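Shown next, in structure tokens, is the structure this report addresses.
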Amino acid sequence: MTGFVVLAVTLVGGTLLGVVLRRRDGVLRSAKAKESAVDFGESLGERATLVQFSTAFCQPCRATRRVLGEVAELVPGVRHIEIDAESRLDLVRTFDILRTPTVLILNSSGNIVKRASGQPRKADVIAALGLAVPPNVDGMSQHPDGK
Amino acid sequence: MQVDPRGLRFGAAVTTLVLALVLITGSPWLLAAQAVVFVLGAFVAAPYVLFFKHVLRPRLGPPSELEDAAPPRFAQGLGMAFAFVGLIGFATGVTPLALGATAAALLAAFLNAAFGFCLGCEVFLIIRRLQPGRIS
């Protein structure tokens, strides 16, 4: 009898958890203003950088790599860098990363403007990049767009 | 190594069913059998996934894409740990431990089967975060 109750609770809880996770997965949210002068170990993109945290035991990391790589190719001045979370636990703690993939979108001055945990959709990344690099808002940009 | 993601989902579905039966019947033997399946999945090859590969996949056709085998293998290892804890619970008569550990493994299998979400894989980074940092 107890087993039945435990089973029911687990399945109901699992369904709720799954729905919440699916809804939140890959959604790009505004990032809180944080450490900007962080060394990611690689040079940043001219206009924006897509920083992806991955681990070896991460199913959606490969697909995320593909999506972000495509976006970086599509949008000029945007660079995609992938960081092995395990070897950069300092960054993982700094940015309070709990899951992989976690994607940070950095503007030209290296400030985090958006972040997503889980695999983001390509269209969302492109839309977020549009917000990340508006020449009129980002006064610190050393690379004016021209147009 | 690459695997068919449909096989993983199938394996997770069978695991969900077996663990649900463990909760309903309270049978430590069924949990022990599932523990063996987890051990094989973590160190050799997942039996349910093999069944999918050799019996079901020929009828379904090739997969549209493949997935890396390392994450599910790690998750099978976590499942194994929970199954062992559950067996200890049964052996010592601590029923909440037996049911709790079985339910935890069931939750992970269910999320994988129903949502394609690998809970064990998510836990990996959290475990690594808790360990003292190796900083390169």
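Residue numbers begin at 1 in each chain, while the letters A, B, ... track the order of the sequences. Predicted model, so just to flag it, every value in this text is computed and none were measured.
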Would you name the heavy atoms of Gly14(A) and Leu107(B) that are closest together and state the gap between them? CA-CD1, 3.4 Å
Looking at Leu125(B) and Ala85(A), what are the two nearest heavy atoms and their distance? CD1-CB, 3.7 Å
Looking at chain A, which one of Thr16(B), Asp68(B), Leu106(B), Thr25(B) has the largest number of heavy-atom pairs inside 4.5 Å, strictly under? Leu106(B)
Just wondering, do Thr95(B) and Thr2(A) contact through their side chains at under 4.5 Å, heavy atoms? no
Closest approach of Ala20(B) and Leu7(A), non-hydrogen atoms and distance? CB-CD1, 3.5 Å
Honestly, the part of Leu99(B) sitting under 4.5 Å from a heavy atom of chain A is both
Could you tell me which portion of Val19(A) (side chain, backbone, both or neither) has an atom closer than 4.5 angstrom to a non-hydrogen atom of chain B? both
Joint cluster assignment, Phe38(B) & Val18(B), ILVMFWY side-chain distance < 4.5 Å: yes
All heavy atoms of Gln59(A) vs all of Leu8(B), minimum pair found to be NE2-CD1, 3.6 Å
Is Thr10(A) close to Phe110(B) at the side-chain level, that is, under 4.5 Å between some pair of heavy atoms? no
Which answer fits Ala114(B), side chain, backbone, both or neither, if we ask what part of it has an atom under 4.5 Å from a heavy atom of chain A? backbone
Taking atom CZ as the centre, does Arg24(A) end up with more than 12 heavy-atom neighbours from other residues, nucleotides or ligands that are less than 6.0 angstrom away? no
Please determine, among Val9(A), Thr15(A), Thr100(A), the option with the most heavy-atom pairs under 4.5 Å with chain B. Thr15(A)
Are Leu60(B) and Val3(B) connected into the same hydrophobic cluster when the rule is that any two of I, L, V, M, F, W, Y join if their side-chain heavy atoms are below 4.5 Å apart? no
Value rounded to 0.5 Å, distance of CG in Leu17(A) from CZ in Phe115(B): 8.0 Å
Is Leu91(A) in contact with chain B via its backbone, its side chain, both, or neither, using a 4.5 Å heavy-atom distance? neither
What class does the angle between the rings of Phe57(A) and Phe124(B) fall in, given that below 30° is parallel, 30 to 60° is tilted and above 60° is perpendicular? perpendicular
Does a sphere of radius 6.0 Å around CD in Glu73(A) hold more than 12 heavy atoms from other residues, nucleotides or ligands, not counting ones at 6.0 Å or beyond? no
Considering only heavy atoms from C-beta outward, does the side chain of Leu23(B) approach that of Phe4(A) to under 4.5 Å? no
So, do Leu98(A) and Glu122(B) sit near enough that their side-chain heavy atoms are less than 4.5 Å apart? no
Output yes when a side-chain donor or acceptor of Arg129(B) lies under 3.5 Å from a complementary backbone atom of Arg93(A), and no otherwise. no
In this structure, would Val49(B) and Val14(B) fall into the same cluster of hydrophobic residues linked by side-chain contacts under 4.5 Å? no
Atom of Ala56(A), atom of Pro71(B) and distance for their closest heavy-atom approach: O-CG, 3.9 Å
Do Leu40(B) and Phe84(B) belong to the same hydrophobic cluster, where Ile, Leu, Val, Met, Phe, Trp and Tyr are linked whenever their side-chain heavy atoms lie under 4.5 Å apart, directly or via other members? yes
Please determine whether residues Val44(B) and Phe51(B) belong to a single hydrophobic cluster, defined as Ile, Leu, Val, Met, Phe, Trp and Tyr linked transitively by side-chain heavy-atom distances below 4.5 Å. yes
What part of Leu19(B) lies closer than 4.5 angstrom to a heavy atom of chain A: side chain, backbone, both or neither? neither
Test of understanding: with side-chain hydrogen bond (donor to acceptor under 3.5 Å, both in side chains), list the residues that count as partners of Thr102(B), not counting sequence neighbours. none
Between CZ on residue Arg99(A) and CD1 on residue Ile126(B), distance to nearest 0.5 Å: 9.0 Å
